[in-house]
Amino acid sequence: MSNFFEIGLSSVLTKAISEMGFEETTPIQERTIPLVLEGKDIIGQAQTGTGKTAAFGIPMIERMNPDRESIKALVVTPTRELAIQVAEELNRIGQFKDVRSLPIYGGQDIDRQIRSLRNRPQIIVGTPGRLMDHMRRRTIRLQQVETVVLDEADEMLSMGFVEDIENILKEVPEQRQTLLFSATMPKSILDLAQRFMQNPEYISMKTKEIIVPQIEQCYVEVQEKQKFDVLCRLLDIQSPDLAIVFGRTKRRVDELFEALSKRGYSAEGIHGDLTQARRDMVMRHFKEGLTEILVATDVAARGLDISGVTHVYNFDVPQDPESYVHRIGRTGRAGKGGQAITFVTPREIGHLRLIEQVAKRRITRKPLPTFNDVLVGQQRLTMDKILKAAEDEDILRYKEMAEELLEDNDSITLLSAALKLLTKEPSTAPIVLTEEAPLRSRQPRRFDQQQGFHRNRDNSKYPSRFPKRKF
DNA sequence: AAAAAAC
């Protein structure tokens, strides 16, 4: 691995990279950057989360003439959210070189996009359909494009974009650089490369080189009817910073996020049937941490890089084993740990074994969370907070004693004793733990009648929900 | 069969 500041990049890029907090290159970046700088065509086999966007973005922008005469680079992605994300990252990389990128995708007012194009971005990041639309309208000129990037190419092909991709590739000059990234390398991808690329350099990360983030993978065996309660309990016990819950269908996503909202969780849903404005808003809320739980179809399974996602729950077992790998990859980003829990009904166990083989990881069984687990879990969270407070106030002796007690965390009595030790003014009342205690301790958000939207406890705005409910 | 993607 090498350092970004030793590979001879221009100062404008180095500055941006350092501002983005990058230091060491990832394996794919280390191998891709020099080749792209040389102008070579590349086929890169890499999972998401390997630093792919920077791997092509940094050298592409480095060698780009920043004049505003024409579109210099075109990046094609399978989903709209991915287009937005990639464009944002490229914008950051190019910020001091005055290189701008613009996401172009469907569902957004086309006239507005045409106006944005007048700002003359050097890089366009788009989804195939809308790109084709602009090409036909002649509102995008690709005659000066020097670099084309096909991101998540396998995904685009399996979504039936072969023809669109071909049309786009025919529209750009033959003398150009083509970079193709794909998690898998089926024959269709190699065919495409054969026809549209020139002596491509093949970069494949050996399995051990692929950064497999520390993702703990497990499953719970549940009846369909239990799923919702089990999810709530897990959320209470684990208290994720941010979590993504994947559902099988759009309908299910709607029902699930409504039910979660109803129970007081900060949740929103996203799928392809929502208006693009809403999709954009939901993603923004989630990225900003305004919502803690994103309920999603596989629209959000691939490529999205959102920091702070500590947990992924597969509310439904993904049909496609590939999809499983992508879904769980939404957590454990940037080298941080993450946990993925898959809900499996008894009849789906066999399917899970198949997924296990594809994921090449053992998925361990986790017992269903009991009511007691929830209580203990919440006590532990409280303990963590108190321990932190204790640290600040330097009451080390208390801390030691409490930690000793914590070792035996099966015992709620001990926990409550530890709690008392650490509280400055210990409550004399015992902590009563009965089955009648509410499943959820968090206060539900309140509905602002006048404004017509929900407000969180911190009084921040919260968008209104759909009326239906099933869980 | 579902999901994604153009109007």
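Proteins get letters first, then strands, A, B, ... in listed order; numbering begins at 1 in each.
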task: Answer yes or no: is there a side-chain heavy-atom contact under 4.5 Å between A/V282 and A/H271?
output: no

query: Once you round it to whole Å, what is the distance between C1' of B/dA3 and CD1 of A/I270?
result: 13 Å

task: Return the nearest nucleotide to the side chain of A/Q319; candidates are B/dA1, B/dA6, B/dA4.
output: B/dA1

task: Report yes if a side-chain nitrogen or oxygen of A/R80 is closer than 4.0 Å to either non-bridging phosphate oxygen (OP1 or OP2) of B/dA5; otherwise report no.
output: yes

query: Rounded to the nearest Å, what distance is computed from the CD atom of residue A/Q108 to the P atom of nucleotide B/dA5?
result: 13 Å

message: When you measure from the side-chain N and O atoms of A/T127 to the phosphate of B/dA6, is any distance below 4.0 Å, counting only OP1 and OP2?
response: yes

task: Take atom CG of A/D133 and atom P of B/dA5, then tell me their distance rounded to the nearest Å.
output: 15 Å

side-chain N/O A/T249 vs B/dA1 OP1/OP2, d < 4.0 Å: no

Distance (rounded to the nearest 0.5 Å) between A/N65 CG and A/E146 CD: 7.5 Å

query: Starting at CZ of A/R327 and ending at P of B/dA2, how long is that distance when rounded to a whole Å?
result: 15 Å

Whole-Å gap separating C1' (B/dA6) and CE (A/M159): 12 Å

A/E163 versus A/N167, side-chain donor and acceptor atoms under 3.5 Å: no

query: Contact class for A/R279 vs. all strands (heavy atom < 4.0 Å): base, sugar-phosphate, or nothing?
result: sugar-phosphate

Any donor-acceptor pair under 3.5 Å from A/S182 side chain to A/D154 backbone: yes

- request: Take the protein atom NE2 of A/H271 and the nucleotide atom P of B/dA4, then report the distance between them rounded to whole Å.
  value: 8 Å

field: Heavy-atom donor-acceptor pair, A/R136 side-chain to B/dA6 base, under 3.5 Å
entry: yes

task: Write down the distance between CZ (A/R248) and C1' (B/dA1), rounded to a whole number of angstrom.
output: 9 Å

task: Salt-bridge test for A/E171 and A/R138: reply yes if a basic N is under 4.0 Å from a carboxylate O, no otherwise.
output: yes

- request: Give A/G107 one of three labels, base, sugar-phosphate or nothing, depending on what nucleic acid heavy atoms sit under 4.0 Å from its own.
  value: sugar-phosphate

message: Any side-chain N or O of A/R251 below 4.0 angstrom from OP1/OP2 of B/dA2?
response: no

query: A/M132 near the nucleic acid: base, sugar-phosphate alone, or nothing, with a heavy-atom cut-off under 4.0 Å?
result: nothing

task: Find the distance A/D151:CG to B/dA4:P and express it as a whole number of Å.
output: 19 Å

